[in-house]
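Structure first, then comments.
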Amino acid sequence: MKLSPSLLSADFARLYDEARAVEPLADRFHWDVMDGHFVPNLTFGPPVVNALRKRLVLPFDVHLMIDRPLDYALRFDVRADDSIIFHVETTDDPRSVIRSVARIPARVGVTLRPGTPLERLVPFLEEVSLVLVMSVEPGFGGQAFHPDSIGRIRALRDAIGARPIEIAVDGGIHPGNVRSVVDAGADIIVVGSAIFGEPDPLAAATALREAAG
Ligand code: DX5
Ligand code: ZN
């Protein structure tokens with residue numbers, strides 16, 4: 001299991017320090033980019049993520065919760081082991097977004113809201129490196145895990161078969177349910193409030209790793 005702390009629940013005045021505090025137990029960092037249109041919340045964009053990219057070492061997963069993803073997807077100074085992830089609901093032509101993003105040195109990921117059928121992704125599995133299963137409605141941290149997500153992770157694992165695609169799961173994960181998410185087939189666990197909402201984020205990350213088995 002790889003742990004990807006989501007800085008959405010960190011103290012935005014101290015993003016770098018918050019990331020560094022959990023770095024010993026993290027494999028990647030997850031950045032939630034929101035536009036106030038696709039989701040009813042605003043966070044940060046390329047200037048903030050790029051400033052942190054220069055100073056942090058671990059790979060980044062950039063989760064775009066924005067309409068017209070190509071307006072901004074290529075403005076992130078990403079590295080080859082970083083990911084740019086966009087929502088299939090934000091475009092009529094996911095394949096052309098995938099191909100455009102694939103021209104920069106980053107992994108391409110696709111994601112979808114909890115209510116969007118997985119079938120929407122299946123035609124594109126040949127061309128992506130990562131699928132992010134949203135286990136809450138995108139937009140906010142601290143929501144409850146949708147129990148249906150376990151079945152969706154299993155179904156996606158079956159659909160992926162032997163292709164070299166990682167499954168990340170995002171939303172509502174805590175020490176009490178992380179094991180079931182990993183057992184269902186998740187490779188990357190994204191966790192916001194159960195790390196940065198806790199008084200000791202490093203201890204919280206340790207607890208998550210132990211609970212994941
Ligand atoms: C929600 C974001 C998540 C969020 C998860 O739109 O995509 O990455 O940070 O936060 P928790 O772990 O608190 O559900
Ligand atoms: Zn996210």
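Indexing begins at 1, ligand by ligand and atom by atom, following the structure's order. Just so we're clear, the structure is a prediction, and the values are computed from it rather than from any experiment.
Closest approach of Ile98 and Val108 over heavy atoms only: O-CG2, 4.0 Å.
Taking the centre and axis of the six-membered ring of Phe76, the NZ or CZ atom of Arg53 falls outside the cone set by 45° and 6.0 Å.
Per-residue contacts place Gly142 under 4.0 angstrom from the following atoms of ligand 1 (heavy atoms of the residue considered): 11 (P), 13 (O), 14 (O). Near Gly171, with a cut-off below 4.0 Å to any heavy atom, the atoms of ligand 1 are 14 (O). Annotation for ligand 1: atoms under 4.0 Å from non-hydrogen atoms of Val191 are 12 (O). Near Met134, the atoms of ligand 1 lying under 4.0 angstrom from a non-hydrogen atom of the residue are 7 (O). Against a heavy-atom cut-off of under 4.0 Å, Asp32 is close to the following atoms of ligand 1: 2 (C), 3 (C), 4 (C), 7 (O), 8 (O), 9 (O). Those atoms of ligand 1 that come under 4.0 Å of a heavy atom in His63, given as number and element, are 7 (O). Atoms of ligand 1 lying under 4.0 Å from at least one heavy atom of His30, given by number and element, are 8 (O).
Among protein heavy atoms, the minimum distance from atom 6 (O) of ligand 1 is reached at Gly139 N, 2.7 Å. What sits closest to atom 14 (O) of ligand 1 on the protein, heavy atoms only, is Gly172 N, 2.8 Å. The protein non-hydrogen atom at the shortest distance from atom 1 (C) of ligand 1 is Phe140 O, 3.6 Å. Atom 5 (C) of ligand 1 has Asp170 OD1, 3.5 Å as its closest protein atom, hydrogens excluded (heavy atom only). Taking atom 13 (O) of ligand 1 as the reference point, the nearest protein heavy-atom neighbour is Ser193 OG, 2.6 Å.
Using a 4.0 Å heavy-atom cutoff, Phe145 is absent from the residues neighbouring ligand 1. Residue-ligand proximity: His174 is placed with every non-hydrogen atom at 4.0 Å or more from ligand 1. Using a non-hydrogen distance threshold of 4.0 Å, Ala194 does not register as a contact of ligand 1.
Residue Gly192 has at least one nitrogen or oxygen atom sitting less than 3.5 Å from a nitrogen or oxygen atom of ligand 1, judged on distance alone. Every N/O-N/O distance between Gly141 and ligand 1 stays at or above 3.5 Å. Between Glu137 and ligand 1, no pair of N/O atoms sits closer than 3.5 Å. Considering backbone and side-chain atoms together, Gln143 places no N or O closer than 3.5 Å to any N or O of ligand 1. For a threshold of 3.5 Å applied to N or O pairs, the pair formed by Leu8 and ligand 1 contains no separation below that value.
No donor-acceptor pair under 3.5 Å is formed between the side chain of Asp61 and the backbone N or O of Gly109. Judged purely by atom type and a 3.5 angstrom limit, Thr43 uses its side chain to pair as donor or acceptor with the backbone of Met34. Side chain of Ser6 to main chain of Val191: no donor-acceptor pair is present (N/O by atom type, distance under 3.5 Å, no hydrogens or angles).
With hydrogens and angles left out, the side-chain atoms of His30 and Asp32 include a donor and acceptor closer than 3.5 Å. Between the side chains of Thr116 and Glu89, at least one donor N or O lies within less than 3.5 Å of an accepting N or O.
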Exercise. Check the pair Leu118 / Leu112 against side-chain contact (heavy atoms from CB on, under 4.5 Å), numbers first and verdict last.
Key: CA-CA 8 Å; Leu118 283 175; Leu112 69 187; 4.2 Å; yes
Quiz prompt | Derivation and outcome, side-chain contact (heavy atoms from CB on, under 4.5 Å), residues Val62 and Asp82 | solution = CA-CA 8 Å; Val62 179; Asp82 295 341; over 6 Å; no
Quiz item: Hey, mind stepping through Asp148 and Arg152 against salt bridge (charged side-chain N to carboxylate O under 4.0 Å, His left out) and telling me if it holds?
Solution: CA-CA 7 Å; Asp148 293 359; Arg152 281 164 69 82; over 6 Å; no
Exercise. Report the C-alpha separation of Leu70 and Val101 in whole Å, then their side-chain angles, then the decisive distance to 0.1 Å, and conclude whether the side-chain contact (heavy atoms from CB on, under 4.5 Å) test is met.
Key: CA-CA 8 Å; Leu70 279 180; Val101 176; 4.2 Å; yes
Quiz item: Going through the checks in order, is the salt bridge (charged side-chain N to carboxylate O under 4.0 Å, His left out) test met by Asp187 and Arg157?
Solution: CA-CA 10 Å; Asp187 303 298; Arg157 182 49 75 202; 2.8 Å; yes
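Annotation: Asp93, atom CG; neighbour count of heavy atoms from other residues, nucleotides and ligands within 6.0 Å is above 12.
One finds the CD1 atom of Ile195 at 11.0 Å from the CD atom of Glu18 (value rounded to the nearest 0.5 Å). Once rounded to the nearest 0.5 Å, the distance linking CZ of Arg103 with CG of Leu74 reads 8.0 Å.
With a heavy-atom cut-off of 4.0 Å, Ser6 touches ligand 1 through its side chain alone.
Between Phe44 and Trp31, the ring planes lie perpendicular to each other; the angle is over 60°, past the 30° to 60° tilted range.
Counting only protein N, O or S atoms, 4 lie closer than 2.8 Å to the Zn ion (ligand 2).
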